[in-house]
Amino acid sequence: MVTSEELLAPLESFGIRPGLETIRALLAEMGEPQRRLRAVLVAGTNGKGSTCCLLAAVAARAGFAVGLYTSPHLERVRERVRIDGASRPDAELVAELRRVLAAARAIGRPVTYFEALTAAALARFAAHGVELAVLEVGMGGRLDATNAVEPELSLICEIAHDHEVHLGRSVAEIAGEKAGILRSGRPGLFATSSTQARRALEAAARRHGARLAKAADRVRVREVTPPGPAAQVEVVVAGARHRLRLPLAGRHQLANLGLAVAGALELERLGFAGIAAPESLAAIESCRWPGRLEQVAIGGGRTVLLDTAHNPSGAAALADHLERLGLSYRLLFGALATKAAPKMLAPLAAGAGELFFTEPPGPEAWPAAELARLAGRPAATVESRPARALEAALAAGTDTLVVCGSIYLVGAVRAELRRRFGIPAPATDPLWPPLSRRR
């Protein structure tokens, strides 16, 4: 039987095509499934997926049927389309993609990989009777395919440099594109620390007539215990204090958590009863979000830390986390050719012992030898194949091995670790255990 990957593969040749004309025509041909959904759009440079995961878990615990659409995937396409935290069976996704491709033929337009997946996800959520769809914006916002949805609420995470060719060279320009998900008369929340981005978002909100607020003005989050997996945090919501175990490591996750909780508060005002109750927020403790500061203990005192940092801002957050933990680590790094690899590499290589460079699968990558030259370490190991690079890095010592630079690389290494050691769990596994619904 054909797989979703096989159906989507021919669409990769259409590349990235910003714009809403095709996705709107496609959805119209499919019966406007997005109009049967109440949705949250989540944009930003970093932290979108984490915020989506946390908010979706809270909504599921509150008793709502929740659709979660994220991108890109680590290992399998079906990771991107989940209901109540569980990936949909591939046969289900294949059936929806066949409908999408038939609709594309009917409207006489080629559709991109992302447009096809977005339409398939929306159709699946509508068919399932999803009560809340949490949708991660792919790139930008204004011209992203997910923006064909009319959101109840718009959330905007940290904004920094990435995808400059499509979104603009300045943080303000990038923020302006991401502000395209705001809607007149509807609420929006943001969590960016950039003053330039904040000003651009506020200006855009005035133009759109959106009700924009800073998440940190609604919800305060602070660390209670030192950083690391399962750190204790205190969340102050509407004057009440809640202590939670945050399973997503890294100081940057505090802002994502605050944005998710502030989003839940806003959704409660919009009629999603109980979504911000303490019992619902407790669902956060059981979340997992693979590939984000994910520690994998492989035996023999060895640990692999996987992180999808793939832009300078993400690399800086990872470097900060490693420094705060005081970890002695080796680095396995690879990046796509479209990424600012030198800026990503600098803070990470500075704190690393041995360096290993490879080339992620998928789109064109930075040559591993060129990365080694940029690092200026004559003894760096260069191996273009990720599996071979991982083998060399694991054999080099017992210090923590940090793998980063590309989502594609982290996905490949996760799969290789599971082939060799049986862990970690597949990225398609549920993002949280079955939840007892409160409604």
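Keep in mind that this is a model prediction, so the values were computed, not measured. Sequential numbering from 1 along the given sequence is applied to the chain's residues.
When the options Thr308, Leu306, Leu318, Asn256 are evaluated for a side-chain contact (heavy atoms from CB on, under 4.5 Å) with Arg292, the one that passes is Thr308.
Separating the CG atom in Leu355 from the CG atom in Leu371 is a distance of 10.5 Å, to the nearest 0.5 Å. With rounding to the nearest 0.5 Å, the separation of SG in Cys157 from NZ in Lys48 is 8.0 Å. Between Leu135 atom CG and Leu155 atom CG the span is 11.0 Å, to the nearest 0.5 Å. One finds the CG atom of Leu37 at 11.5 Å from the NE2 atom of His128 (value rounded to the nearest 0.5 Å). The CD1 atom of Ile23 lies 8.0 Å from the CD atom of Gln34; values are rounded to the nearest 0.5 Å. With rounding to the nearest 0.5 Å, the separation of CG in Leu246 from CG in Leu257 is 5.5 Å.
Looking only at side-chain heavy atoms (C-beta outward), Arg418 and Arg414 come within less than 4.5 Å of each other. Residues His310 and Leu336 are not in side-chain contact: their nearest non-hydrogen atoms beyond the backbone lie 4.5 Å or more apart. Residues Val58 and Ser280 form a side-chain contact, since some pair of their non-hydrogen atoms from C-beta on lies under 4.5 Å apart. At a threshold of 4.5 Å between non-hydrogen side-chain atoms, the residues Thr192 and Ile156 do not count as touching. Contact annotation: the side chain of Val111 approaches that of Leu11 to within less than 4.5 Å [non-hydrogen atoms, C-beta and beyond]. The side-chain heavy atoms of Leu390 and Phe356, taken from C-beta on, include no pair separated by under 4.5 Å. Proximity of Leu117 to Tyr69: side-chain heavy atoms (C-beta onward) are separated by under 4.5 Å at one or more points. Residues Val137 and Asn147 form no side-chain contact, since every pair of their non-hydrogen atoms from C-beta on lies 4.5 Å or further apart.
Among pairs with a residue in residues 363-385, those fulfilling salt bridge (charged side-chain N to carboxylate O under 4.0 Å, His left out) read Glu370-Arg373, Glu383-Arg385, at least two apart in sequence or across chains. Applying the salt bridge (charged side-chain N to carboxylate O under 4.0 Å, His left out) test to pairs two or more places apart or on separate chains, none has a residue in residues 347-358.
Side-chain N or O atoms of Glu6 include one that pairs as donor or acceptor with a backbone N or O of Thr3 at under 3.5 Å. When atom types are taken as modelled, the side chain of Trp289 and the backbone of Leu54 share no donor-acceptor pair closer than 3.5 angstrom. Remark: side-chain polar atoms of Glu79 are paired, donor with acceptor, to backbone N or O of Arg76 under 3.5 angstrom. Side-chain atoms of Glu268 come within 3.5 Å of backbone N or O of Gly274 as a donor-acceptor pair. Formation of a donor-acceptor pair under 3.5 Å by the Glu294 side chain with backbone atoms of Gly291 is found in this model. Remark: the backbone N or O of Cys404 is not paired with any side-chain donor or acceptor of Asp307 at under 3.5 angstrom. Remark: side-chain polar atoms of Lys178 are paired, donor with acceptor, to backbone N or O of Gly44 under 3.5 angstrom. No donor-acceptor distance shorter than 3.5 angstrom exists from the side chain of Ser71 to the backbone of Gly138, with no hydrogens or angles considered. Side chain of Ser4 to backbone of Val94: no donor-acceptor contact under 3.5 angstrom is found. In this structure, the side chain of Arg288 engages the main chain of Asp429 through a donor-acceptor pair within 3.5 Å.
Taking every heavy atom of both residues into account, Ile423 and Ile298 meet most closely at CD1-CA, 4.2 Å. For Trp432 against Ala60, the heavy-atom pair with the smallest separation is CZ2-CB, 3.9 Å. Residues Thr428 and Ser87 share a closest heavy-atom pair of O-OG, 3.0 Å. Closest approach of Ser50 to Leu248, counting heavy atoms only: CB-CD1, 4.0 Å. Contact between Val382 and Ala369 at its shortest, heavy atoms only, is CG1-N, 3.7 Å. The two residues Ala116 and Leu8 make their nearest non-hydrogen contact at CB-CD2, 4.1 Å.
For the residue pair Asp399/Ser328, the side-chain donor-acceptor check at 3.5 Å is satisfied. Between the side chains of Thr70 and Arg80, not a single donor N or O lies within less than 3.5 Å of an accepting N or O. Between the side chains of Glu158 and Ser193, at least one donor N or O lies within less than 3.5 Å of an accepting N or O.
Enclosure of atom OH in Tyr408 is not indicated, since only 12 or fewer non-hydrogen atoms of other residues, nucleotides or ligands lie within 6.0 angstrom. Around CD of Glu323, the count of heavy atoms belonging to other residues, nucleotides or ligands within 6.0 Å does not exceed 12. No more than 12 heavy atoms of other residues, nucleotides or ligands shown are found within 6.0 angstrom of CZ on Arg243. By the 6.0 Å contact criterion, CZ on Arg36 is enclosed, its count of non-hydrogen atoms from other residues, nucleotides or ligands being greater than 12.
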TODO: Show the numbers, then the answer: is there a side chain to side chain contact (heavy atoms under 4.5 Å, CB included) between Arg241 and Arg220?
DONE: CA-CA 9 Å; Arg241 297 177 183 274; Arg220 297 201 313 274; 4.3 Å; yes

Legend entry - side chain to side chain contact (heavy atoms under 4.5 Å, CB included) evaluation trace for Ile159 with Leu201: CA-CA 10 Å; Ile159 296 175; Leu201 292 176; 4.1 Å; yes

Audit row: Asn311, Ser313, side chain to side chain donor-acceptor pair (under 3.5 Å) steps and yes/no
CA-CA 6 Å; Asn311 54 45; Ser313 177; 4.7 Å; no

Subject >> Verdict with supporting geometry, Glu223 and Arg251, salt bridge (Lys or Arg N to Asp or Glu O under 4.0 Å) >> reply: CA-CA 8 Å; Glu223 290 176 317; Arg251 184 162 49 183; 5.7 Å; no

Could you walk me through whether Trp366 and Leu374 satisfy the side chain to side chain contact (heavy atoms under 4.5 Å, CB included) test, starting with their C-alpha distance in whole Å, then the side-chain angles of each, then the deciding distance to 0.1 Å, before giving a yes or no?
CA-CA 11 Å; Trp366 274 83; Leu374 289 170; 3.6 Å; yes

Evaluate the side chain to side chain contact (heavy atoms under 4.5 Å, CB included) criterion for residues Glu136 and Thr146: first the C-alpha distance (whole Å), next the side-chain angles of each, then the deciding distance (0.1 Å), finally the verdict. CA-CA 8 Å; Glu136 179 182 357; Thr146 57; over 6 Å; no

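Taking the six-membered ring where tryptophan is involved, the planes of Phe333 and Phe357 are perpendicular, since the angle between them exceeds 60° and thus also 30°.
Every residue meeting the ring-ring contact (aromatic ring centres under 6.0 Å, His included) condition with Phe272, not counting sequence neighbours, appears here in chain and number order: Phe64.
Comment: Glu92 does not engage Arg78 in a salt bridge, judged by the lack of any side-chain N to carboxylate O separation of less than 4.0 angstrom. The existence of a salt bridge linking Arg222 and Glu234 is confirmed by a sub-4.0 Å separation between a basic side-chain nitrogen and an acidic carboxylate oxygen.
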